[in-house]
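For reference, the structure is listed below as structure tokens.
Every value quoted in this text rests on a predicted model; they were computed, and no experiment measured them. Residue numbers run from 1 in the order of the sequence given.
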Amino acid sequence: MQDAQVPPDCAGRLDGADAESLAARAILARLQDLSPLLGRDPDGDHIEPKSPLFLLDERFAPSHSVGRIVRQSLAAVTDNANALRRLMFVEDPGGLVYYRQNTHAPYSLVRTIIECATTVLWALLPEDGRERSRRSLVLIAREVFNASSFWDAYLEEFRPGEHARTVEYFDGLRRAVNDAALSMQLPPVFSRKASGNWGYATKNRTQTAILKDLRSDGDVPAELIFVWQFCSGYSHGLEWAASIGNSYPDPDPGREPGPEQLPAGSMEQLRRICDAAFDLVPRAWGAYDLSRRAWPLL
């Protein structure tokens, strides 16, 4: 009789005693605990003069705003976490809550939460000011590179009259990034090829490298990089992660799941993945709040 009350697009109710309901309830509880942070708008926060984030923005003002990049990452964390809640749960005004069991989309949202939260931690956690500046410059360079690649190709094809002016603008940003690197006695980030096109003079800082840095520094659990890779497998529809009948974390699809192995696509599997991502959210916001405030010397 209870199942008859479940909406057609839902898998069950959160007041059930089965394993799937219990796991779904745990995910919602974590999201509810994070609600104060997930309701924040980082654009409304004040970056205090002489704070670490203020000084970074001041240093790189000609090329880009570090604070803006960090706030965009936090906005992506909150928006994807809130989207995950709306995707997974139907919260009836009468108090009943139902859960949906989507096969792939939750993992894409969790993956973004991990990527954006760890980007904030990677940029802001180093105690050494020079290393914070170096990492911030890497994020700025990545922003400039991606934006210039998009606008260069798009405008050249669809708005050729605006193309030359935009190319000049991004050339100026690349030079400003290189000037900032020179001021810190670092190698240039961008180089100009014989063809006239720009490329990276140093290796790009990928998400994998960011996670490895944080892992080496002891700033995130060692398994986080594997959680992220697993979510990426789901996000790209790769069979090794998402095939029915497979199990996580055992790579042998023919083996019966043991007590620590979870069938692929189960709510308990998703709960464990969510826990790893949700643990990062208050830490990212905490690092941001510390960096945007000017703390008096005691």
_Test log, rule salt bridge (charged side-chain N to carboxylate O under 4.0 Å, His left out), inputs Arg165 and Glu168_ = CA-CA 5 Å; Arg165 180 171 56 86; Glu168 184 178 347; over 6 Å; no
*Could you please spell out the steps behind the side-chain hydrogen bond (donor to acceptor under 3.5 Å, both in side chains) verdict for Ser148 and Arg174?*
CA-CA 10 Å; Ser148 61; Arg174 291 186 186 95; 2.9 Å; yes
*Output, in order, the C-alpha distance, side-chain angles, deciding distance and verdict of side-chain contact (heavy atoms from CB on, under 4.5 Å) for Leu280 and Leu224.*
CA-CA 10 Å; Leu280 299 169; Leu224 184 66; 4.0 Å; yes
*For the pair Leu87 and Arg100, evaluate side-chain contact (heavy atoms from CB on, under 4.5 Å) and give the outcome as yes or no after the intermediate values.*
CA-CA 7 Å; Leu87 174 71; Arg100 300 187 182 100; 5.5 Å; no
*Please test Cys116 against Leu74 for side-chain contact (heavy atoms from CB on, under 4.5 Å), starting from the C-alpha separation and ending with a verdict.*
CA-CA 7 Å; Cys116 293; Leu74 288 169; over 6 Å; no
_Show, in sequence, the C-alpha distance, side-chain angles and deciding distance for Arg142 and Thr119, and conclude whether the side-chain contact (heavy atoms from CB on, under 4.5 Å) test is met._
CA-CA 12 Å; Arg142 190 170 69 175; Thr119 294; 3.9 Å; yes
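Taking CD1 from Ile273 and CH2 from Trp228, the interatomic distance works out to 13.5 Å, rounded to the nearest 0.5 Å. Here the straight-line distance linking atom CD1 of Ile140 with atom CG of Leu173 works out to 10.0 Å at 0.5 Å rounding. With values rounded to the nearest 0.5 angstrom, Leu84 atom CG is found 5.5 Å from Leu109 atom CG. Taken to the nearest 0.5 Å, the CG atom of Leu53 stands 4.0 Å off from the CD1 atom of Ile47. Note that CG of Leu31 and CZ of Arg86 are 11.0 Å apart. Values are rounded to the nearest 0.5 Å. Remark: Leu139 CG to Ile69 CD1 distance equals 6.0 Å, nearest 0.5 Å.
For the pair Arg205/Asp213, a side-chain contact is recorded, criterion being any heavy-atom separation below 4.5 Å from C-beta on. Looking only at side-chain heavy atoms (C-beta outward), Met267 and Pro106 stay at 4.5 Å or farther from each other. Counting heavy atoms from C-beta outward, Leu270 and Ile27 have side chains that approach closer than 4.5 Å. The side-chain heavy atoms of Gln229 and Leu211, taken from C-beta on, include no pair separated by under 4.5 Å. In this structure the side chain of Asp289 reaches within 4.5 angstrom of the side chain of Arg40, judged on heavy atoms.
Aromatic pair Phe190/Tyr200: centroids less than 6.0 angstrom apart. Aromatic rings of Phe230 and Tyr234 (six-membered ring for Trp) have centroids within the 6.0 Å cut-off, being under it.
At a cut-off of 3.5 Å, with distance as the only test, a side-chain donor of His163 or Asp152 sits close to an acceptor on the other residue. The closest side-chain donor-acceptor pair between Ser51 and Arg292, if any, does not fall under 3.5 angstrom. At a cut-off of 3.5 Å, with distance as the only test, no side-chain donor of Ser136 or Arg59 sits close to an acceptor on the other residue.
Tyr99 is connected to Leu28 through a chain of hydrophobic side-chain contacts under 4.5 Å among Ile, Leu, Val, Met, Phe, Trp and Tyr, so both are in one cluster. Linking ILVMFWY residues whenever their side-chain heavy atoms come closer than 4.5 Å, directly or via other members, leaves Val167 and Trp198 in distinct clusters.
Relative ring orientation between Trp285 and Tyr288 is described as perpendicular, the plane-to-plane angle rising above 60° on a 0-90° scale split at 30° and 60°.
Between Asp279 and Arg30 a salt bridge is recorded (basic side-chain N to carboxylate O distance below 4.0 Å). Looking at Glu268 and Arg271, a side-chain N of the basic residue comes within less than 4.0 Å of a carboxylate O on the acidic one, giving a salt bridge. Using a 4.0 Å cut-off between charged nitrogen and carboxylate oxygen, Arg272 and Asp275 do not count as a salt-bridge pair. Salt-bridge formation is detected for the pair Asp15/Arg13: a Lys NZ or Arg NE/NH1/NH2 atom is positioned less than 4.0 Å from an Asp or Glu carboxylate oxygen. Between Asp171 and Arg192 there is a salt bridge, with a side-chain nitrogen of the basic residue lying less than 4.0 Å from a carboxylate oxygen of the acidic one.
Nearest heavy atoms, Arg111 versus Cys231: CB-CB, 3.8 Å. Between Ala123 and Arg135, the shortest heavy-atom contact is CA-CB, 4.4 Å. Considering all non-hydrogen atoms of both residues, Ser21 and Gly16 come closest at CB-O, 3.6 Å. Heavy-atom minimum distance, Val120 versus Ser73: CG2-CB, 3.6 Å. Nearest heavy atom pair, residue Ser133 against residue Met184, reads CB-SD, 3.3 Å. Minimum interatomic distance between Pro126 and Glu131 (heavy atoms only, all atoms of both residues): CB-CG, 3.9 Å.
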